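Working notes, beginning with the structure itself.
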Amino acid sequence: MKLIIIAVGHKMPGWIEDGFGEYVKRMPREFAISLVELKPDKRSGGRTPQQVMAEEAERILAAIPQGARVFALDERGANWTTMKLAENMKNWHTDGRDAVFIIGGTDGLDPSVKQRADQLLQLSAMTLPHGMVRVLLAEQLYRAYSILHNHPYHRE
């Protein structure tokens with residue numbers, strides 16, 4: 001099973017790459033996190049946000065591995081606790097399907113991506129910078145893993 005983050009956006013600041021990389025390297029092979037960065041479309045030539053999102057959606061959908069379980073990150077999605085994420089990760093590991101987490105671009109996610117998702121998830125009801133979402137998501141995946149393995153990183 002792989003944990004795959006598909007993110008619209010590239011050329012993140014060093015602190016984002018460092019933070020994300022820290023949690024990626026902490027994960028064991030059986031819960032490896034990989035990042036698929038998709039270059040955002042430009043809003044030039046009078047293109048609407050809907051047109052940009054639709055074009056990004058084509059590339060997002062093409063990047064999803066066949067048979068994967070898909071979660072689109074959206075502020076209106078389900079608000080899981082870290083314990084619930086850990087419980088779900090345990091089940092995912094058992095069935096072996098990859099889990100894909102999608103982070104949209106500046107304008108958000110096209111409805112076709114949300115429809116393809118098995119579930120919409122939120123990290124926060126607040127709007128967060130896309131780079132920060134990568135770091136927070138990677139940290140939460142690591143924290144959930146640590147819960148499953150009784151690692152002292154997580155405390156309740």
Side-chain angles (χ1 to χ4, degrees), residues 1-24 26-27 31-43 47-61 63-64 68-93 97-148 151-156:
M1 181 197 82
K2 296 177 194 162
L3 301 169
I4 302 165
I5 299 172
I6 299 174
V8 177
H10 69 298
K11 297 182 182 176
M12 292 290 127
W15 67 270
I16 294 288
E17 291 187 16
D18 291 345
F20 182 79
E22 178 61 32
Y23 293 107
V24 168
R26 290 183 186 190
M27 295 294 280
F31 285 98
I33 298 173
S34 63
L35 174 65
V36 176
E37 285 186 310
L38 302 175
K39 188 174 179 182
D41 281 13
K42 293 184 178 153
R43 272 195 177 177
R47 294 173 49 209
T48 66
Q50 290 75 23
Q51 290 170 318
V52 170
M53 286 188 300
E55 289 179 21
E56 290 172 348
E58 288 178 26
R59 292 184 289 119
I60 290 169
L61 295 171
I64 298 171
R69 167 182 291 106
V70 178
F71 301 94
L73 297 179
D74 184 277
E75 68 268 12
R76 291 170 291 284
N79 187 7
W80 287 0
T81 64
T82 306
M83 294 301 285
K84 179 153 176 107
L85 176 61
E87 178 183 315
N88 280 294
M89 278 178 63
K90 181 179 179 181
N91 294 335
W92 304 338
H93 193 258
R97 289 174 57 200
D98 293 340
V100 174
F101 299 88
I102 301 172
I103 302 170
T106 302
D107 296 307
L109 290 170
D110 187 74
S112 65
V113 175
K114 293 179 184 182
Q115 289 169 355
R116 168 58 183 91
D118 296 299
Q119 181 146 20
L120 299 180
L121 286 180
Q122 69 164 268
L123 284 180
S124 171
M126 296 180 187
T127 302
L128 300 170
H130 298 273
M132 181 73 75
V133 171
R134 292 180 192 192
V135 177
L136 290 174
L137 178 57
E139 189 280 336
Q140 285 298 294
L141 292 169
Y142 174 71
R143 185 176 293 273
Y145 165 79
S146 72
I147 289 168
L148 294 176
H151 188 282
Y153 180 79
H154 180 76
R155 293 172 181 73
E156 285 220 337

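We're numbering straight along the sequence, starting at 1. Quantities reported herein were computed from a predicted structural model and do not represent experimental measurements.
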Side-chain donor-acceptor pair present, Thr127, Glu75, cut-off under 3.5 Å: no

Glu56 side-chain N/O to Asp41 backbone N/O, donor-acceptor pair under 3.5 Å: yes

Working to the nearest 0.5 Å, report the span between CG of Leu123 and CG of Asp74. 11.0 Å

Just wondering, do Ile102 and Ile64 contact through their side chains at under 4.5 Å, heavy atoms? yes

Would a distance-only check, ignoring hydrogens and angles, find a side-chain to backbone donor-acceptor pair under 3.5 Å from His130 to Gly105? yes

Do Arg143 and Glu139 meet the salt-bridge criterion of a basic N to acidic O distance under 4.0 Å? yes

Stepwise, does the salt bridge (charged side-chain N to carboxylate O under 4.0 Å, His left out) test hold for Glu22 with Arg26? CA-CA 7 Å; Glu22 178 61 32; Arg26 290 183 186 190; 3.0 Å; yes

Spacing of Leu38 atom CG and His10 atom NE2 [to the nearest 0.5 Å]: 11.0 Å

I'd like to know if the side chain of Arg134 reaches the main chain of Ile103, judged simply by a donor and an acceptor atom lying under 3.5 Å from each other, with no hydrogens or angles considered. no

Quick one: are Leu141 and Leu85 in side-chain contact, heavy atoms under 4.5 Å? yes

Measuring from atom OH of Tyr142 to atom CE of Met27, what distance do you get when rounded to the nearest 0.5 angstrom? 9.0 Å

Side-chain (Asp98) to main-chain (Ala68) donor-acceptor, under 3.5 angstrom: no

Determine whether the aromatic ring centres of Phe71 and Trp92 lie less than 6.0 Å apart. yes

